[in-house]
Amino acid sequence: MMPNHPSPAAPSPAAQIPLSSDQVHIWQAHLDLPAELLAQLRATLSIDEQRRADRFHFERDRHRFTAGRGILRNILSRYSGIKPALLEFSYSPRGKPALRSDSAGGALNFNLSHSGGLALYAVTRHRQIGIDLEILRPMPDAEKIAARFFSANESAALGHLPPTHKQEAFFLCWTRKEAYLKAVGQGLTGLDDVEVSLTPGEPAKILSISGDIKEASRWSLQHLTPASGCVGAVAVEGHGFSLSCWQWEFDTNRSQNA
């Protein structure tokens, strides 16, 4: 899916997945699912999540929200040992979700992102983590947006690229900044506080955080290519971890309420 090195075979859907602090797991999932699977996933959502889904005006958006949250519960169940419908979440002031409890070792950290009908989920322990995904699309105002939300160095770097590279570079920059901001639970108001590499083909890296190079060095940034026409990034606190990526498959055993 994303890393240049191969990932191990995907764990059996019926097995509980061990996860140590030196591992990062990323799951890719498609959100446009058959009605039968959507119904089973919806049954695992909390009343609040079901109400949030029902507030979407368009049916496609309701279904994708339901699938995204249901898949999140299904994935976290496989790490925590808690059945999907029994998982409880808390939220930071800016809306970052976290598990209230974890019966399998504690400190289970995760993040998710979706664009269109594709979603990515990142899971680890004892490390802050954030992930972001964007479908590449025309951005005629990319340089104007960069001048407003990116750092001066990033905006200048984007401006110096040939036109054929500007679209990709814009989304590389955006997803990398978003991944870090989601990891620390900060909103879009911090976009210009974190500076990242953005030139296509160059390694993903956080260059500075509020002008602090040392703070930036505490973080790892991994470029992701989940599918043709998409770019993504995962920001992980610290270094020295292995990254494994899998495709999510529906597990009927873990989709039950009790």
Side-chain angles (χ1 to χ4, degrees), residues 1-3 24-31 61 64-65 67-69 71-72 75-76 91-92 94-98 109-124 127-139 142 145-146 148-151 154-155 157-158 166-200 202-209 216 218-238 241 243-248:
M1 176 173 76
M2 291 162 276
V24 173
H25 291 178
I26 296 179
W27 294 84
Q28 176 178 304
H30 294 284
L31 302 181
D61 295 330
R64 287 178 174 175
F65 179 87
R69 294 296 297 201
I71 291 170
L72 173 65
I75 289 173
L76 295 180
Y91 296 88
S92 73
R94 295 189 181 273
K96 183 181 180 182
N109 297 326
F110 66 92
N111 201 234
L112 65 151
S113 181
H114 67 87
S115 187
L118 189 66
L120 296 178
Y121 303 82
V123 189
T124 190
R127 296 174 184 263
Q128 291 179 297
I129 192 166
I131 195 165
D132 195 57
L133 167 70
E134 291 287 347
I135 294 175
L136 295 175
R137 54 194 183 274
M139 290 292 295
I145 296 172
R148 180 179 178 184
F149 294 106
F150 293 178
S151 72
E154 291 165 337
S155 183
L158 182 68
K166 288 185 188 294
Q167 178 201 51
E168 181 182 2
F170 175 86
F171 284 108
L172 290 177
C173 188
W174 188 276
T175 55
R176 292 169 184 180
K177 293 160 85 72
E178 273 269 45
Y180 167 76
L181 292 172
K182 291 173 70 176
V184 298
Q186 189 174 345
L188 293 179
T189 55
L191 274 173
D192 60 351
D193 289 335
V194 54
E195 190 170 304
V196 300
S197 61
L198 58 80
T199 302
E202 291 187 355
K205 187 176 182 181
I206 298 177
L207 303 175
S208 69
I209 298 171
R218 294 182 51 248
W219 289 85
S220 297
L221 193 64
Q222 172 73 51
H223 169 68
L224 307 175
T225 308
S228 176
C230 298
V231 297
V234 60
V236 185
E237 182 183 18
F241 56 85
L243 182 69
S244 300
C245 305
W246 297 300
Q247 180 72 37
W248 176 83

Shortest non-hydrogen pair, Pro226 vs Leu120, comes out as CB-CD2, 4.0 Å

- prompt: Is a side-chain donor-acceptor pair under 3.5 Å present for Thr175 with Glu134?
  reply: no

Rounded to the nearest 0.5 Å, the CD atom of Gln28 sits from the CD1 atom of Ile71 at a distance of 11.0 Å

Note: Gly238 and Ser220 closest approach over all heavy atoms is O-OG, 2.5 Å

Passes side-chain contact (heavy atoms from CB on, under 4.5 Å), Val231 versus Ile135? Steps please.
CA-CA 7 Å; Val231 297; Ile135 294 175; over 6 Å; no

List the steps, then state whether ring-ring contact (aromatic ring centres under 6.0 Å, His included) holds for Trp219 with Tyr180.
CA-CA 9 Å; Trp219 289 85; Tyr180 167 76; 5.1 Å; yes

Around atom CZ of Arg218, are there more than 12 heavy atoms from other residues, nucleotides or ligands closer than 6.0 Å?
yes

Practice problem: Please answer whether the main-chain N or O of Leu133 pairs with a side-chain N or O of Ser113 as donor and acceptor at a distance below 3.5 Å. | Solution: yes

- Derivation and outcome, side-chain contact (heavy atoms from CB on, under 4.5 Å), residues Ile26 and Tyr121: CA-CA 5 Å; Ile26 296 179; Tyr121 303 82; over 6 Å; no

query = What orientation do Trp174 and Phe150 show, parallel under 30°, tilted 30 to 60°, or perpendicular over 60°?
reply = tilted

| request: For the pair Gln167 (side chain) and Arg137 (backbone), establish whether a donor and an acceptor sit closer than 3.5 Å, ignoring hydrogens and angles. | output: yes

Does some side-chain heavy atom of Val236 sit less than 4.5 Å from a side-chain heavy atom of Phe241?
-> yes

Nearest heavy-atom contact between Phe170 and Met139 is CE2-CE, 3.5 Å

For Phe171, the ring-ring contact (aromatic ring centres under 6.0 Å, His included) test, sequence neighbours excluded, returns none

Next on the checklist: Before you tell me yes or no, could you show the steps for Val24 and Val123 under side-chain contact (heavy atoms from CB on, under 4.5 Å), namely the whole-Å CA-CA distance, both residues' side-chain angles and the distance that decides it to 0.1 Å?
Outcome noted: CA-CA 6 Å; Val24 173; Val123 189; over 6 Å; no

>> Which label fits Trp246 and His25: parallel for a plane angle under 30°, tilted from 30 to 60°, or perpendicular past 60°?
In response: perpendicular

In short, Glu168 meets Leu136 closest at the heavy-atom pair CA-CD2, 4.3 Å

NE2 (His114) and NE2 (His30) are apart, to the nearest 0.5 Å, by 15.0 Å

Q: Look at the side chain of Glu237 and the backbone N and O of Arg127, then say whether any donor-acceptor pair between them is shorter than 3.5 Å.
A: no

Rounding to 0.5 Å, atoms CG (Asp61) and CG (Leu31) come to a distance of 11.0 Å

Between Leu172 and His223, is any pair of side-chain heavy atoms under 4.5 Å apart? yes

Which of Glu202, Lys205, Arg176 passes side-chain hydrogen bond (donor to acceptor under 3.5 Å, both in side chains) with Ser197? Answer is Arg176

### Task
Would you please test Val196 and Cys173 for side-chain contact (heavy atoms from CB on, under 4.5 Å) and show each step?
CA-CA 6 Å; Val196 300; Cys173 188; 3.9 Å; yes

Any non-hydrogen side-chain atom of Arg148 less than 4.5 Å from a side-chain atom of Asp192? no

Ile131 and Lys182 have their tightest heavy-atom pair at O-NZ, 2.8 Å

Lys177 meets the salt bridge (Lys or Arg N to Asp or Glu O under 4.0 Å) criterion, sequence neighbours left out, with Glu154

